[in-house]
Amino acid sequence: MLDLKFIQKNPEKVQEALRKRRVDLNIQDFLALDEKRRSIIQEVEALRRQLNAQSKEVAKLKSKGEDASNLVDELSKISDKIKKLEKEKKQIEKELFDFRARIPNILAPDVPEGDDEKDNVEIKKWGEKPNFDFEPLPHWDIGTKLKGLDFERAAKLAGSRFALYFSWAARLERALINFMLDVHTREHGYVEVLPPFIVNSQTMFGTGQLPKFEEDLFKLEGWDYYLIPTAEVPVTNIHSNEVLKEEDLPIAYTAYTPCFRSEAGSYGKDTRGLIRQHQFNKVELVRFAHPDKSYDELELLLSHAETILQRLGLHYRVVVLCSGDLGFSAAKTYDIEVWLPGQNAYREISSCSNFEDFQARRANIKFQPKNSKKKEFVHTLNGSGLAVGRCLVAILENYQQKDGSVRIPDALVPYMDGVSIIKP
RNA sequence: GGAGAGGUGGCCGAGUUGGUCGAAGGCGCUCGCCUGCUAAGCGAGUAUAGGGUUAAAACCCCUAUCGAGGGUUCAAAUCCCUCCCUCUCCGCCA
């Protein structure tokens, strides 16, 4: 959510951001409505002032035992008028709020302009693509041949876009979760959190999933409950409606959760394998930062996510999302894309974003600066550290051997009870 | 699921025959004074949002906010309705 005053004072900046994001919204419509709102407020408040003052007169007259019926009649008319105007005002405010809730965040100045993911800009690469003296297989072939992944039975249980893990695969998924959490808590200073996997609509609003993206979520029928699409949602909202201490910043949380996404509108995309599932596991990193430091913290966050891939010896690149590909709430986002030889492509495995005060304003998360009376909104950041299922995919595809076996990266061997290779 | 109690400012806590309550009192905090010592005392201040004023801000003025929303009334923290949350007891359950 953008600050109302910011929109009023910088309509051209907001319009420019909308244009760069390829979003068709006209800020002039918003401003006209806001103008109307202010004129009604002025009228209402003048009337109310009169009403308040004269109501006291009534009280005085009555306490003296005098008749006040004339005055009461007159005030009754004013009161009616106020009620009518209040109704109108409420309607306009609702429209303004709905409008504002659908305006995406403004962009960081260094976000490249572009239409979609084709215009994202690669900023670095780490490691090398592995060489194979055979044709590398996609992970769904590797995983099913090794009897670790079973998509057919998963479909029987729940439908498409679900997976069933057995034996070494289930263990590997769990190993990855523990490995990631250990690195982030022991080495990167994050506090581990285990949040609810179901949240209410207020919480979904706080991080920007609602009202605009309801169709991406799973909602529980008959309840104001949604399955979380990412740990970002419950973890960022931990401090909603709170005032944090400046000296406590930055606050850093890491959380493992399953993530649930409807994947509406992705029909036909990534239909095979683990890449795009209705349910997947993710270890998330969330930071609450001082506004002056949030972009430094974004670099830090990115490096924390990268560490995991480096320890696993997986080749990746980092891209900056262009304006047209940037998420609704984010001001700037880095995607980490891991190399998948089985698909001969880089695929997103982490997305690290600075939301500046956009989520903080929605969720009302402030801090009290030491040298100012005025409370300010914190900046929120988050990033995957990492998507666990896709990480398992990357291991299978990058560490596959000619004989169909898969090596386990050294860093994970202790988490696999010493198993260093998965054999047919 | 059944029965009961309750939600007031940073915290504690008054206030329910509607009016002088944005709200007593206490604590905490901030600033100043005083004090030969990290105390006590004295004084002042101490919410958020919106509107107006301003080049902008501070100040100032106004309006709203006593869990949320709606209603009654000239007027509601106080009355009525709906919802949410917390606590206690019983039941059930991992």
(message) Whether the R174(A) and Y415(A) side chains hold a donor-acceptor pair (N or O, under 3.5 Å, no angle test) is what I'd like checked.
(response) no

(request) Mind checking K89(A) for me? I need base, sugar-phosphate or nothing, with any heavy atom below 4.0 Å counting as a touch. (result) nothing

(request) May I ask you to verify if any side-chain N or O of K87(A) is less than 4.0 angstrom from the OP1 or OP2 atom of rG70(B)? (result) no

(message) Please pick, from rA56(B), rG19(B), rU63(B), the nucleotide with the shortest atom-to-atom distance to any side-chain atom of R48(A).
(response) rU63(B)

(request) Determine the interatomic distance between C1' on rU17(B) and the same-named atom on rU86(B); round to the nearest Å. (result) 30 Å

(request) Determine the interatomic distance between C1' on rA57(B) and the same-named atom on rA75(B); round to the nearest Å. (result) 37 Å

(message) Please tell me if K375(A) has a side-chain N or O lying less than 4.0 Å from either OP1 or OP2 of rU48(B).
(response) yes

(message) By the definition salt bridge (Lys or Arg N to Asp or Glu O under 4.0 Å), identify the one residue from R102(A), K94(A), R100(A) that meets it with D98(A).
(response) K94(A)

(request) Answer with base, sugar-phosphate or nothing: what part of the nucleic acid does D73(A) contact at a heavy-atom distance below 4.0 Å? (result) nothing

(message) Could you tell me how far apart I40(A) (CD1) and rG50(B) (P) are, to the nearest whole angstrom?
(response) 18 Å

(message) Measuring from the side chain of K83(A) (C-beta onward, heavy atoms only), which nucleotide among rU72(B), rA56(B), rC62(B) has the closest atom?
(response) rU72(B)

(request) Rounded off to whole Å, could you give me the NZ-to-P distance for the K5(A) and rU53(B) pair? (result) 13 Å

(request) Answer with base, sugar-phosphate or nothing: what part of the nucleic acid does I78(A) contact at a heavy-atom distance below 4.0 Å? (result) nothing

(message) Side chains of T207(A) and E232(A): any donor to acceptor distance under 3.5 Å?
(response) no

(request) Grab the CG-C1' distance between D80(A) and rU73(B) for me, whole Å please. (result) 11 Å

(request) Check every strand shown and say whether K62(A) touches a base, only sugar-phosphate, or nothing at a heavy-atom separation below 4.0 Å. (result) base

(request) May I have the distance from E86(A) (atom CD) to rG50(B) (atom C1'), rounded to whole angstrom? (result) 12 Å

(request) Starting from P on rG51(B), measure out to CG on L96(A) and report it in whole angstrom. (result) 11 Å

(request) Measure from the side-chain heavy atoms of K90(A) and tell me the nearest of rC61(B), rA56(B), rG70(B). (result) rG70(B)

(request) Could you tell me whether the side chains of N105(A) and E356(A) share a donor-acceptor contact shorter than 3.5 Å? (result) no

(message) Please give the distance between the P atoms of rC11(B) and rG18(B) as a whole number of Å.
(response) 30 Å

(request) Verify the contact: side-chain N or O of N52(A) to OP1 or OP2 of rA64(B), cut-off strictly under 4.0 Å; return yes or no. (result) yes

(request) Could you state the atom-to-atom distance from CZ of R37(A) to C1' of rG52(B) in whole Å? (result) 13 Å

(message) Can you see whether Y253(A) engages E284(A) through a side-chain donor-acceptor pair at a distance of less than 3.5 angstrom?
(response) no

(message) Could you tell me how far rG7(B) sits from rU16(B) if I compare only their C1' atoms? Round to whole Å.
(response) 15 Å

(request) Measure from the side chain of I41(A), starting at C-beta and using heavy atoms only, and say which of rC74(B), rG51(B), rU73(B) lies closest. (result) rG51(B)

(request) Please check if any side-chain donor atom of S351(A) sits under 3.5 Å from a side-chain acceptor atom of D335(A), or the reverse. (result) yes

(request) Write down the distance separating the P atoms in rG36(B) and rU30(B), rounded off to the nearest Å. (result) 23 Å

(message) Less than 3.5 Å apart, any donor N or O on the side chain of S294(A) or N354(A) sitting next to an acceptor on the other?
(response) yes

(message) Between rC66(B) and rC79(B), how far apart are the two P atoms, rounded to whole Å?
(response) 14 Å

(message) For a quick test of reading the model: is some side-chain N or O of R38(A) closer than 4.0 Å to OP1 or OP2 of rG52(B)?
(response) yes

(message) For S76(A), is there any backbone N or O sitting under 3.5 Å from a side-chain donor or acceptor partner on S79(A)?
(response) no

(message) Output the rounded distance in Å from NZ (K77(A)) to P (rU73(B)).
(response) 16 Å

(message) Among rG51(B), rC74(B), rA49(B), which nucleotide has an atom closest to any side-chain atom of K366(A)?
(response) rA49(B)

(message) Taking the P atom in each of rC62(B) and rC21(B), what is the distance between them to the nearest angstrom?
(response) 16 Å

(request) Starting from P on rG50(B), measure out to CG on N364(A) and report it in whole angstrom. (result) 12 Å

(message) Would you call the rings of H188(A) and H184(A) parallel, tilted or perpendicular, taking 30° and 60° as the class edges?
(response) tilted

(message) Whether Q42(A) contacts rG52(B) is assessed here as follows: a side-chain N or O lying under 4.0 Å from the phosphate OP1 or OP2. Is that the case?
(response) yes

(request) Rounded to whole angstrom, note down the C1' distance from rC27(B) over to rU35(B). (result) 24 Å

(request) Convert the base pairs of RNA chain B into dot-bracket notation, remembering that pairs crossing earlier ones are written with [ ] and that bases paired across to another strand are shown as |; include only Watson-Crick or G-U pairs under 3.5 Å. (result) ((((((((.[[[..)...(.....]]]((((((.......))))))((((((.......)))))).[[[[[..)....]]]]])))))))....

(message) If the cut-off is 4.0 Å, is S79(A) near the phosphate of rA75(B), judged by side-chain N/O to OP1 or OP2?
(response) yes

